[in-house]
Amino acid sequence: MTKIIKDMDTIIRELVNGNVAGLPTETVYGLGADALNENAVLKIYETKDRPRFNPIIVHVSEVSDLEKYGDNIPDTVFRLAERFSPGPITYILKKQNIIPDIVTAGNDSVGLRIPAHSLFRDLIRESNLPIAAPSANRAGKISPTSAEDVLSELDGRINYILDGGKCEIGIESTVISFLGEVPKILRHGYVTKDDIEKVIGKTEEPEPGKFISPGLLKSHYAPFTPLYIVKDVNEIDSLEGLKIGVLDFSIYSDLKETALNLFSDLRELDKMKYDVIIAEKVIDKGLGTAINDRLERASSGGLKDINSVLLKKKNYSEKIN
Ligand code: TXA
Ligand code: MG
């Protein structure tokens with residue numbers, strides 16, 4: 001049975017013993033393990049059914065730790081770190097040999113992040129371990145933003161979840177690669193492209209279909225109920241008797257609040273057993289880019305015709321029955 005606990009010592013013991021645990025960060029909850037222990041990292045892949053080709057971010061407590069695990073770090077990284085770390089940004093750097101291949105899925109690079117959540121930072125400091133942690137959801141599913149969400153994803157698969165309350169940000173870190181000449185934003189997140197470019201100048205988008213972060217699979221964050229992106233949620237009030245759930249962002253005052261509630265609202269709607277969920281995209285600027293990215297990956301596409309919805313529903317019920 002999986003327990004939600006507040007006792008840090010128990011969690012530290014669990015990690016030192018080579019086990020995995022659910023851990024709070026300011027972005028989303030992570031499934032953490034000692035990054036230098038190959039068997040422990042293997043348990044992360046097994047616990048969340050993660051494909052082995054998808055590398056895992058390593059979390060450290062201080063900016064000065066970047067040099068322990070990253071090699072050839074350009075000055076631009078330190079300029080960004082001064083402004084945004086600890087916080088929701090992950091730097092992809094050439095790795096030092098001390099990082100096991102299993103963490104990086106055989107790549108020569110490692111993703112490093114200094115999380116801002118005080119419990120998580122304390123845990124790294126007190127355990128004296130770099131912590132490998134992907135989001136604590138089953139592969140392809142919605143990222144968890146509370147300890148209870150982690151429980152619903154991984155109940156019975158881990159011993160403990162450290163309760164750090166609801167995540168303050170609610171959407172994952174921005175992932176930026178420094179392997180090429182010009183920094184590339186591999187995953188849009190809370191720190192926006194504009195925020196980054198103000199500090200270090202031009203960044204690039206990865207070329208479509210070419211180098212892309214291995215984990216950036218097209219389908220991700222998917223609820224069990226098919227989600228469709230529509231132009232205007234108010235224009236759709238009936239679909240041949242299907243029950244429709246609306247992911248409604250109009251109740252939120254800004255993009256930060258929308259990002260904060262995106263995954264938890266999606267999770268709530270998913271429990272309601274609607275036939276379909278519909279959502280509108282938000283403005284494609286600033287944090288909106290990250291929100292729209294998550295929506296697109298969570299969705300089954302645009303709502304082009306009712307037949308595709310019915311077919312998807314039929315396939316789904318055949319799968320679960
Ligand atoms: O906010 C976050 O980043 C959360 C919290 C727990 O820190 N973590 C998170 O991890 O979202 P995950 O594994 O769900 O997403 C990390 C992304 C994946 O797309 C992965 O492929 C990419 O970062 N990534 C990690 N290491 C990489 C590397 N060495 N090269 C390229 N991409 C990498
Ligand atoms: Mg994830």
Side-chain angles (χ1 to χ4, degrees), residues 20-33 35 41 44-45 47-61 69-71 84-96 99-117 119-121 123-124 130-145 149-150 153-154 161-162 164 167-180 183-191 206 210-222 259 263 290 293-294 297-298:
V20 296
L23 304 173
T25 92
E26 75 279 22
T27 56
V28 300
Y29 270 69
L31 179 65
V41 176
I44 296 179
Y45 287 93
T47 303
K48 59 173 282 177
D49 302 322
R50 186 182 183 88
R52 295 290 162 83
F53 58 78
N54 191 359
I56 299 173
I57 295 172
V58 175
H59 300 74
V60 295
S61 66
Y69 306 110
D71 201 6
F84 301 114
S85 297
I89 184 163
T90 299
Y91 311 103
I92 306 291
L93 307 169
K94 194 166 164 2
K95 84 176 182 81
Q96 296 272 12
I99 297 286
D101 283 343
I102 188 160
V103 172
T104 65
N107 290 290
D108 196 26
S109 63
V110 62
L112 295 174
R113 174 160 112 78
I114 301 128
H117 196 292
L119 274 186
F120 195 11
R121 265 186 107 196
L123 175 105
I124 300 172
I131 301 290
S135 50
N137 48 279
R138 303 271 187 108
K141 292 294 162 194
I142 306 169
S143 299
T145 54
D149 290 351
V150 180
E153 288 286 322
L154 301 175
I161 301 162
L162 179 62
C167 298
E168 276 178 12
I169 288 179
I171 198 165
E172 300 89 343
S173 65
T174 305
V175 177
I176 177 163
S177 168
F178 292 87
L179 302 178
K184 280 194 178 72
I185 298 178
L186 303 185
R187 176 174 73 185
H188 289 278
Y190 190 76
V191 178
K210 212 171 163 210
F211 174 70
I212 184 105
S213 195
L216 295 187
L217 302 176
K218 206 157 174 296
S219 166
H220 211 93
Y221 312 108
F263 288 142
D293 166 76
R294 304 305 186 275
R297 287 177 210 281

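Numbering of ligands and ligand atoms starts at 1, following listing order.
In summary, the side chains of Arg138 and Thr47 do not present any donor paired with an acceptor at a separation below 3.5 Å, with no hydrogens or angles considered. Under the 3.5 Å distance criterion, with hydrogens and angles disregarded, no donor-acceptor pair is assigned to the side chains of Tyr29 and Ser143. In this structure, a donor-acceptor pair under 3.5 Å is absent between the side chains of Ser109 and Asn107. Side-chain contact check for Thr90 and Ser173: at least one donor-acceptor pair (N or O, by modelled atom type) lies under 3.5 Å. Side chain to side chain, Ser85 and Arg113 fail the donor-acceptor criterion of an N or O pair below 3.5 Å.
Closest heavy-atom approach to atom 33 (C) of ligand 1 among the candidates Gly87, Pro55, Pro144, Pro51: Pro55. For atom 23 (O) of ligand 1, the choice among Leu186, Val175, Ile171 with the nearest heavy atom turns out to be Val175.
With a cut-off of 2.8 Å, the Mg ion (ligand 2) has an N, O or S atom of Ser135 in range.
Residue-to-ligand polar distances place Arg113 within reach of ligand 1: an N/O pair is separated by less than 3.5 Å. The N/O atoms of Ser109, backbone and side chain alike, include one that comes under 3.5 Å of an N/O atom in ligand 1. Considering backbone and side-chain atoms alike, His59 places an N or O below 3.5 Å from some N or O of ligand 1. Annotation: Glu172 places no N or O atom under 3.5 Å from an N or O atom of ligand 1; distance criterion only. In terms of N/O distances under 3.5 Å, ligand 1 is not approached by Lys48.
Interface of Arg50 with ligand 1, defined as ligand atoms under 4.0 Å from a residue heavy atom, comprises 13 (O). When each atom of ligand 1 is checked for a heavy atom of Gly30 under 4.0 Å away, the hits are 6 (C). Close approach to Asn54 involves these atoms of ligand 1, each under 4.0 Å from a residue heavy atom: 18 (C), 20 (C), 21 (O). Listed by atom number, the atoms of ligand 1 under 4.0 Å from Ser173 heavy atoms are 1 (O), 2 (C), 3 (O). Distances below 4.0 Å separate heavy atoms of Val110 from the following atoms of ligand 1: 29 (N).
Put simply, NZ on Lys141 and OH on Tyr221 are 13.5 Å apart, with the number rounded to the nearest 0.5 Å. Taking CD1 of Ile57 as the reference point, atom OG1 of Thr104 lies at 13.0 Å (rounded to 0.5 Å).
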Run the side chain to side chain contact (heavy atoms under 4.5 Å, CB included) check on Ile92 and Leu179 step by step: do they pass? CA-CA 7 Å; Ile92 306 291; Leu179 302 178; 4.1 Å; yes
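Between Asp108 and Lys94, at least one side-chain N (NZ, or NE/NH1/NH2) sits under 4.0 Å from a carboxylate O, which counts as a salt bridge. With respect to the salt-bridge test (charged N to carboxylate O, under 4.0 angstrom), the residues Lys48 and Glu153 do not qualify.
Only side-chain heavy atoms of Thr27 come within less than 4.0 Å of ligand 1; its backbone N, CA, C and O stay farther off. The part of Ile92 lying near ligand 1 is the side chain, judged by heavy-atom distances below 4.0 Å.
Ligand 1 is approached by Ile57 to a heavy-atom distance shorter than 4.0 Å.
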